[in-house]
Amino acid sequence: MPEGHTVHRLAAALRAGFGSQAVRTSSPQGRFSDAAELDGWVLADAEAVGKQLLIAFTPDASVAPGDPVTRYVRVHLGLYGSWTFAGEEGFAPAHAIGAPRVQGPEGDWRRLVPRPTTRLRIQGSQGLADLTGPTACEVLDGAGRRRVLDRLGPDPLRADADPERFVERVRASRTAIGVLLMNQDVIAGVGNIYRAEILFRARLDPAVPGRDLTAGMVRGIWEDLVPLMRYGARTGRIVTTQPEHRRLEARILERSRGTLQNGDGDPAAVPREESFYVYHRQTLPCRLCGTAIRSGDMAARTVFWCPRCQSVRSRRARWTLEHPAAAWAESGEHREPAAATSEESDG
DNA sequence: AAAGCATGCGGAG
DNA sequence: TCCGCCTGCTTTA
């Protein structure tokens, strides 16, 4: 259940675990028979564009990635897809990326057993990565990769992103900003959590038409997303709350279930219960004003918002003040939790 | 055991 | 706008 930050994190994990190595590729499940085509090829690169993952393979190490013979495996995790890594000590910076993983009784992550549902397995010299449940897993050539890239809006996590494309698309549209943020043509990588949270942080009603926003407001959304998603990509967790808006006692909350988040072994990590302003907090009191958070359908997904903080009147009053992201970015919250390298689940 | 649910999206209507 | 699909964990019966 990844948003863009998870896919970027995953690309980094694949580069770290297999980069420049000849790897074995297979499809234990059998539903990705094209895997055989790349068996023994070199995993030359892995990149994320929004929620799309592109893994570049070359026939051997003498071929530079980008050469016409390069082939790309496009993976889209959809709602359920996930990658699980296993291997030697220190092999990959992540054990599982995607859907949440469960911790075993010994406290360690469940041993990776070959699951019959594994669509794609990549086996390197020090470990392997198993992909299950993706909505897309296919081999593309360079033109196919290009088509994927051209279809997507700018990605806040990519250095080559042009935020003005996002600004222009939003301001030219009478579609609600809450819908636009979920449209990957408009901005790539934002999913349901970031949508809800970024709109709260902007104090924006999800229903406000894009064209009603000033360029500065839309740019502000982008500029808030960049550090937020970078934090997510680095730690594997989405945290959007500023420290002063969390309940202190939450830091010592007992974990109720075996499902762990990235950094759950780190006492300094923000617990999930305190990570969001509005996402999945319907009927709970707003962290700022106490009004009950509301939920509703928008763009075929559930959107969450505070009817008071995110009213149009509130927006006008607040936006002229310092943007909330500024203080947050300065606060040191972006430091990587100490334990974030050892356990994962998703972001 | 069955149903429900999830950070997604494409295609049919 | 709705349906279907991919999977696995959680909740309900």
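We name chains A, B, ... by the order of the sequence lines, and we start the count at 1 in each one.
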Output the single nucleotide from dC9(B), dT7(B), dT7(C) whose closest atom is nearest the side chain of Arg301(A). dT7(B)

Using a heavy-atom cut-off of 4.0 Å across all strands, would you classify Gln52(A) as base, sugar-phosphate, or nothing? nothing

Separation of the C1' atoms in dG8(C) and dG10(B), to the nearest angstrom: 22 Å

Please report, rounded to the nearest Å, how far the P atom of dG8(C) is from the CG atom of Asp130(A). 11 Å

Quick one: are Leu157(A) and His5(A) in side-chain contact, heavy atoms under 4.5 Å? yes

Can you tell me, in whole Å, how much space there is between the P of dA13(C) and that of dC5(B)? 12 Å

Kindly indicate whether a cation-pi arrangement holds for Arg203(A) with Phe200(A), taking the cut-offs as under 6.0 Å to the six-membered ring centre and within 45° of the axis. yes

Do Ile221(A) and Ile187(A) come close enough that some side-chain heavy atom pair is under 4.5 Å? no

To the nearest angstrom, how far is His76(A) atom NE2 from dT7(C) atom P? 16 Å

Leu131(A) CG to dT7(C) P, straight-line distance once rounded to whole Å: 10 Å

Rounding to a whole Å, what distance do you find between Leu79(A):CG and dG8(B):P? 6 Å

Nearest-Å distance for atom pair OH/P, residues Tyr194(A) and dG8(B): 11 Å

Just checking Thr117(A): base, sugar-phosphate only, or nothing, at a heavy-atom cut-off of under 4.0 Å? sugar-phosphate

Taking only the side-chain nitrogens and oxygens of His5(A), find out if one of them lies under 4.0 Å from OP1 or OP2 of dT7(B). no

Audit row: Met229(A), His8(A), side-chain contact (heavy atoms from CB on, under 4.5 Å) steps and yes/no: CA-CA 10 Å; Met229(A) 293 181 72; His8(A) 280 264; over 6 Å; no

For nucleotides dG4(B) and dG4(C), find the distance between their P atoms and express it as a whole number of Å. 15 Å

Quick one: Trp83(A) CH2 to dT7(B) P, roughly how many Å, whole number? 23 Å

note: Glu138(A), atom CD; dC9(B), atom C1'; distance rounded to Å ~ 14 Å

Under 4.0 angstrom, heavy atoms only, what part of the nucleic acid is Arg195(A) near: base, sugar-phosphate, or nothing? nothing

Of the listed nucleotides (dG10(B), dT7(C), dC6(C)), which one gets closest to any side-chain atom of Thr132(A)? dT7(C)

Can you tell me if His280(A) touches the phosphate of dT7(B), counting only side-chain N or O atoms and a distance under 4.0 Å to OP1 or OP2? yes

Rounded to the nearest Å, what distance is computed from the CG atom of residue Leu181(A) to the P atom of nucleotide dC9(B)? 13 Å

Would you indicate, yes or no, if dC9(B) has its OP1 or OP2 atom less than 4.0 angstrom from a side-chain nitrogen or oxygen of Lys51(A)? yes

Going by heavy atoms in the side chains, are Val148(A) and Val49(A) under 4.5 Å from each other? no

Please state whether the phosphate of dT7(B), meaning OP1 or OP2, lies under 4.0 angstrom from any side-chain nitrogen or oxygen of Tyr279(A). yes

Say we look at dC5(C) and dG13(B): how far apart would their P atoms be, to the nearest angstrom? 14 Å

Given the P atoms of dC6(C) and dA1(B), what is the spacing between them in whole Å? 23 Å

Using the P atom in both, what is the distance from dT11(C) to dT7(B), to the nearest Å? 15 Å

If you compare all heavy atoms of Val186(A) against all heavy atoms of Leu180(A), which two are closest, and at what distance to 0.1 Å? CB-O, 3.6 Å

Where the side chain of Ile193(A) is concerned, which of dA6(B), dG8(B), dT7(B) is the nearest nucleotide? dT7(B)

